[in-house]
Asks: 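Could you have a look at this structure, given as structure tokens, before my questions?
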Amino acid sequence: GQSLEQPSEVTAVEGAIVQINCTYQTSGFYGLSWYQQHDGGAPTFLSYNALDGLEETGRFSSFLSRSDSYGYLLLQELQMKDSASYFCAVRDWGGTASKLTFGTGTRLQVTL
Amino acid sequence: DAGVIQSPRHEVTEMGQEVTLRCKPISGHNSLFWYRQTMMRGLELLIYFNNNVPIDDSGMPEDRFSAKMPNASFSTLKIQPSEPRDSAVYFCASSLSGDDQETQYFGPGTRLLVL
């Protein structure tokens with residue numbers, strides 16, 4: 001089975017940098033994804049790491065260490081619109097197709 | 001592209017009634033996923049299909065839940081009979097299997113309330 005752990009809540013000030021950590025235990029692993037979900041909305045894809053290291057996409061970066069079963073999402077130059085829930089998700093193989101198992105989510109509150 | 005389409009967007013029903021949720025995946029995608037999201041249990045994968053074939057339904061909570069995908073452009077999730085504990089947001093998502101990241105694209109969700 002899969003299990004993922006991430007903090008339930010994080011608060012940060014506008015313009016600051018915040019890091020959301022994710023640790024996982026999995027029987028199979030192809031990569032780690034990050035999704036953003038605003039209140040009342042649907043999850044939307046942010047980033048994906050299949051290999052160790054840092055992936056950068058604008059203000060957002062994601063890091064993976066496969067040996068440590070650990071990853072994080074880094075949000076820079078925080079804006080009020082970044083207030084949302086952030087989910088890490090492990091991608092594994094389901095036989096003929098891959099699937100995602102989501103963590104419980106981290107609620108980010110950006111304040112002035 | 002219109003994205004993943006789900007209907008209805010909201011559903012209020014009484015316990016014991018049958019509920020049918022519908023999903024149209026993004027054209028060309030060959031994997032389809034049904035999720036349920038609640039405050040207590042988070043985002044749970046119920047079942048997923050690849051090329052219209054169910055691959056893993058281990059997340060389906062009970063026999064009251066069933067899902068079908070008769071063709072590449074349509075899927076249904078049915079709850080019969082519905083119970084108050086089924087109240088949740090149900091998301092459908094689709095992806096292109098074999099794509100490097102296999103990004104899943106979510107529909108807007110169906111907010112189900114069972115009284």
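In what follows, chains carry the letters A, B, and so on, assigned in the order in which the sequence lines appear, proteins first and then strands, with residues in each chain numbered from 1.
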Asks: Looking only at side chains, do B/Gln104 and B/Tyr48 share a donor and an acceptor under 3.5 Å apart?
Replies: no

Asks: Please state whether the side chain, the backbone, both or neither of B/Arg41 comes within less than 4.5 Å of a heavy atom of chain A.
Replies: neither

Asks: Please state whether the side chain, the backbone, both or neither of B/Glu44 comes within less than 4.5 Å of a heavy atom of chain A.
Replies: neither

Asks: Can you tell which part of B/Leu45 gets under 4.5 Å to a heavy atom of chain A, answering side chain, backbone, both or neither?
Replies: side chain

Asks: Check whether the side chains of A/Asn49 and A/Ser62 place a donor and an acceptor atom closer than 3.5 Å, and report yes or no.
Replies: yes

Asks: Any side-chain to backbone donor/acceptor pair from A/His38 onto A/Lys81? Under 3.5 Å, distance only.
Replies: yes

Asks: Taking side chain as everything from C-beta outward and backbone as N, CA, C, O, which of these in B/Thr103 sits under 4.5 Å from a heavy atom of chain A? Side chain, backbone, both or neither.
Replies: both

Asks: Can you say whether B/Tyr35 sits under 4.5 Å from chain A via the side chain, the backbone, both, or neither, judging by heavy atoms?
Replies: side chain

Asks: Under 4.5 Å from any heavy atom of chain B, what part of A/Tyr30 do you find: side chain, backbone, both or neither?
Replies: neither

Asks: Would you say the side-chain atoms of B/Ser75 pair up with the backbone N or O of B/Lys68, donor to acceptor, closer than 3.5 Å?
Replies: yes

Asks: Classify the side-chain pair B/Ser31/B/Asn50 by whether it contains a donor and acceptor separated by less than 3.5 Å.
Replies: yes

